[in-house]
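Data block below; observations after.
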Amino acid sequence: MALVHNLGFPRIGAKRELKFAQEGFWKGASSADQLLSTAKLIRAANWQQQADLDLVPVGDFSLYDQVLDMSFTLGNLPARVQGLEGSELDRYFRVARGRSAQDSDCNSVHAGEMTKWFDTNYHYIVPEVTADTRFSLNPERILTQLAEAQIQLGLAKAKPVIIGPVTYLWLSKAKDGSDPLALLDQLLPVYSALLEQLADAGVAWVQIDEPILVTDLDTRWKQAFEHAYHTLKANRPQVLVATYFGTLQDNLQLACNLPVAGLHIDGVRGREEVTKVVDWLPGHKVLSIGAVDGRNIWKTDLKRVLDWLEPVAAKLGDRLWLAPSCSLLHVPVDLESEVSGDEDKPATLDSELIRWLAFARQKLVEVQLLGRAVNEGREAVAEQLADNQAAITSRRLSERVHNRSVKAGVGGVTSGFGQRQSAYAQRAAKQAERLKLPLYPTTTIGSFPQTAEIRKARLAYKKHELSEADYQTQMKAEIERAVLEQEKLGLDLLVHGEAERNDMVEYFGEQLEGYAFSRFGWVQSYGSRCVKPPILFGDISRPEPMTVAWTQFAQSLTDKPMKGMLTGPVTILNWSFVRDDQPRKESCMQLALAIRQEVQDLEAAGVHVIQIDEAALREGLPLRRSEWQHYLDWAVNCFRISANGVSDETQIHTHMCYSEFNDIIESIARMDADVITIETSRSDMELLDVFEAFEYPNEIGPGVYDIHSPNIPSVEQMVSLMSKAAERIPAERLWVNPDCGLKTRQWAEVIPALENMVAAARILRLQTASGEASSQVPVQVQREAEPV
Ligand SMILES: Nc1nc2c(c(=O)[nH]1)N[C@@H](CNc1ccc(C(=O)N[C@@H](CCC(=O)N[C@@H](CCC(=O)N[C@@H](CCC(=O)O)C(=O)O)C(=O)O)C(=O)O)cc1)CN2
Ligand SMILES: [Zn+2]
């Protein structure tokens, strides 16, 4: 009998209950007890929905981030929060979010660094270590949740999930430049103790996630796996080592031979490896195959899966387990929420599209169907299989998916599409003459605070309670406010503030043909922040201009230059649920042509600076280095096609956040944007080393203001950061700007932070004018943040 199980379930709640509880608590509007009881209710509901599985994940829930949870479990808190007063919950959120110095205790704490979880749009808090890090077990969270689950589901079903020791260290960053792997022997006793406690609590199976097994590992990391799992052998539950997001390749034998009871592999992205793993896996071990895509929202073609799965099942017998390919964290909770519109929220997906889709709950039903088909024969689920087949066929043959003129447009792309008229130096001179910006020009990345009023108005508009005209009037008022504030602040290059956009990707998805969007299809991005990835289901075209009127309106309010603001094709692709019936690069090319039309329309409307955000270009990099170049080639090509249909005088900006550029700097340079703004403030400008080493030729705005934290950066901090930047990049090519957009902040934070930023730029100009190299700064009056 094949068992069916799950690796992890979304924890935000079907209606984002966790988000509202977190934010209520942070604002001081509700108590810790209220937050914790909402959390408990969500866990119970999640287990309820998974109760039919043979094994159910426990410990996949998190109040902020599962990696931060693991750091707490392992007693690995940054020194800056150790010994602080307050509760553990307080310390937890301090690491997660930072804390400004407005508190009476004067404990300003900067937030832990956040970065992308593999190639997903989920962000985790990077564990911080030093050579002196000592771990100690803090098992309370997981034991408490385990006890809850065991009561609800019975002892046998509860399967704790933890991040494995090798992956944990691989995700860690050593603040002192030491080697995190050197801490392995420190760490293993804590894992042993944890496993022993889980065994004592009656746990039969524990899932230990080691996703780095699908990445390129050098010998040391490979040996670390053997060492770790041999060391952890005694007194523990049976261990299922879980890998996902790709193929094992040269780690395959290592993964198969670890001294554990089972292995999970990604049977969607690693489909071609399944047979090989079956051959290599020792006969006493369980193989869990992820046969349902945990990274996308399409209904599984069950017949196609069964065609390859049945022979595997025949070989493995009881040793086969079935699951989604990875944790379901990356898909929305429940398609049922989309089915019937109510007055509050009209449905957005039609019944035909709904029939093609599966969210987390539906994916678990698919896994169960596969289990029954394997265990009892296809006849046992004949009706469901026929239903599934009909849906698959309906999507494959649908005329909504294919658009001849779009395909013709792609066919007509020539190499000239990606080419600017002149090289950067010539363009820069023409642009400088037109824009007349000062040295160290200041700008922002695009969005200004998305206030509760903005969101409320948009909701009312979507519910048809607010007319289109009234909605537009209100958004125009917001844009006006943003423009006035920027003029008051003395910024040099303005933005309209993106008030009218729900999200930088969803907004474009809503206006492009070939896209659908859900009502409740939320996926956690970080902490309480969620995104609703639009669903790219068909050939993409742009029926009409998407941003021109808003940008023109904003420009009409000021004599300062106004940046047009677009999301680039690669980012739209990477942050959407995309087609699985054609290569991603083809969808991307269609998006590139649509954005190119928008860029040209903006230029024709008199917009002289256009930013095309490619925040997700790097996260789209395949996990395997051997596949990088191919991806980078088409991604950069698509960006260039979207951007380069303009005259020399038009200045193209691009923006990237959370990016490490070391390995891809050549491709970044090939994008040939006139200006690139990047995230650098948390990494102390370290990121710029590679731009210096590569002699990156165009302009750069290294972020000086960490917008992910409520802290207000001081003038000194920003002058010091920019001085570090100027040691690496000639001042004439530097811009002064925040790390990213300001939509998650409040005006009360943004104004003083940008005041300081503009003051910093003025000091830098004065210093340059007087030839002064020092970063001595006149004393400034600092304004503090409002509590969030
Ligand atoms: N797609 C994407 N990926 C990304 C980023 C990004 O900006 N977009 N940025 C990075 C991650 N950063 C992020 C930063 C902020 C948010 C964010 O603010 N998300 C919002 C939702 C944004 C949104 O779509 N808002 C809609 C819907 C708002 C909403 O929730 N409305 C309520 C009611 C409104 C109310 O009363 O508050 C409802 O519908 O129930 C809108 O503005 O229209 C949130 O979690 O709160 C997400 C990710 C990397 N990945
Ligand atoms: Zn950004």
Side-chain angles (χ1 to χ4, degrees), residues 12-20 22-24 26-27 114-117 119-124 330 337 342 344-346 348 444-463 465-466 471 474-475 478 495 498-510 517-534 565 567-568 570-577 611-620 653-659 676-682 701 703 705-708 737-746:
I12 51 175
K15 299 276 160 72
R16 289 184 298 163
E17 292 83 352
L18 182 61
K19 172 197 177 64
F20 301 118
Q22 287 165 318
E23 291 177 356
W26 296 333
K27 276 201 296 248
M114 240 183 347
T115 196
K116 296 277 174 169
W117 178 245
D119 60 352
T120 72
N121 193 2
Y122 177 79
H123 308 62
Y124 66 93
H330 312 290
S337 317
D342 51 39
D344 250 20
K345 294 218 167 179
T348 54
T444 61
I445 305 303
S447 54
F448 272 98
Q450 280 273 331
T451 60
E453 297 82 71
I454 296 179
R455 298 245 153 111
K456 218 181 273 162
R458 189 155 37 247
L459 186 63
Y461 168 54
K462 289 201 169 162
K463 289 203 261 174
E465 286 165 8
L466 193 65
Y471 175 68
Q474 202 169 325
M475 292 303 114
E478 291 292 339
V495 297
E498 303 180 26
E500 80 291 4
R501 303 186 187 178
N502 46 6
D503 173 78
M504 60 186 282
V505 167
E506 197 182 2
Y507 180 74
F508 290 95
E510 286 178 3
F517 43 97
S518 62
R519 274 181 307 166
F520 299 107
W522 294 102
V523 177
Q524 189 176 18
S525 182
Y526 69 90
S528 71
R529 295 292 173 174
C530 301
V531 295
K532 191 140 58 61
M565 191 60 55
T567 304
V570 187
T571 297
I572 296 184
L573 181 89
N574 285 338
W575 287 347
S576 298
F577 288 120
Q611 177 173 313
I612 306 172
D613 291 322
E614 283 294 17
L617 189 127
R618 193 184 191 288
E619 82 191 37
H653 289 223
T654 190
H655 162 72
M656 295 181 184
C657 33
Y658 294 129
S659 297
I676 182 171
T677 56
I678 58 176
E679 181 261 80
T680 35
S681 71
R682 279 197 199 183
Y705 160 13
D706 171 14
I707 62 85
H708 291 100
N737 48 259
D739 271 344
C740 188
L742 300 164
K743 64 186 163 200
T744 60
R745 301 265 59 93
Q746 306 187 358

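Order of appearance sets the numbers: ligands from 1, and atoms from 1 within every ligand.
- Short contacts between ligand 1 and Lys116, defined as distances under 4.0 Å to a heavy atom of the residue, involve ligand atoms 49 (C), 50 (N).
- Looking at Glu619 and Trp575, their side chains come closer than 4.5 Å, going by heavy atoms from C-beta outward.
- For the residue pair Asp739/Ser681, the side-chain donor-acceptor check at 3.5 Å is satisfied.
- For the residues Lys456, Lys19, Arg16, the heavy atom positioned nearest atom 46 (O) of ligand 1 is part of Lys19.
- Geometry about the Zn ion (ligand 2) gives an angle of 110° between NE2 of His655 and SG of Cys657, rounded in steps of 10 degrees.
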- Please lay out, stage by stage, how Arg529 and His123 fare under the test side-chain contact (heavy atoms from CB on, under 4.5 Å). CA-CA 10 Å; Arg529 295 292 173 174; His123 308 62; over 6 Å; no
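- Ser525 and Asn121 make their closest contact through OG-O, 3.4 Å (heavy atoms, listed as atom of the first residue, atom of the second, distance).
- Near Ser525, meaning under 4.0 Å from one of its heavy atoms, ligand 1 places the atoms 11 (C), 48 (C), 50 (N).
- Here the OG1 atom belonging to Thr571 is positioned 7.0 Å from the CG atom belonging to Asp613, to the nearest 0.5 angstrom.
- When Lys463, Lys743, Glu498, Arg455 are checked for heavy-atom proximity to atom 25 (N) of ligand 1, Arg455 turns out nearest.
- Where the criterion is an N or O separation shorter than 3.5 Å, residue side chain and backbone included, Val531 fails it with respect to ligand 1.
- For the atom pair NE2 of His330 and OH of Tyr122, the computed distance is 8.5 Å after rounding to the nearest 0.5 Å.
- For atom 36 (O) of ligand 1, the choice among Ile12, Asp613, Leu459 with the nearest heavy atom turns out to be Leu459.
- Remark: distances from the non-hydrogen atoms of Glu500 to ligand 1 are all 4.0 Å or more.
- Ring planes of Tyr471 and Tyr461: parallel class, angle under 30° (limits at 30 and 60°).
- Comparing Phe517, Trp575, Tyr507 against atom 4 (C) of ligand 1, the shortest heavy-atom distance belongs to Trp575.
- Contact annotation: for Glu506 versus ligand 1, heavy atoms closer than 4.0 Å belong to the side chain alone.
- With a 4.0 Å heavy-atom cut-off, ligand 1 is reached by the side chain of Met504 but not by its N, CA, C or O.
- Distance NE2/His708 to CD/Glu679: 8.0 Å, rounded to 0.5 Å.
- With Arg458, Glu619, Glu23 as candidates, the residue nearest to atom 43 (O) of ligand 1 on a non-hydrogen basis is Arg458.
- By the criterion of a heavy-atom distance under 4.0 Å, both the backbone and the side chain of Asn502 are placed next to ligand 1.
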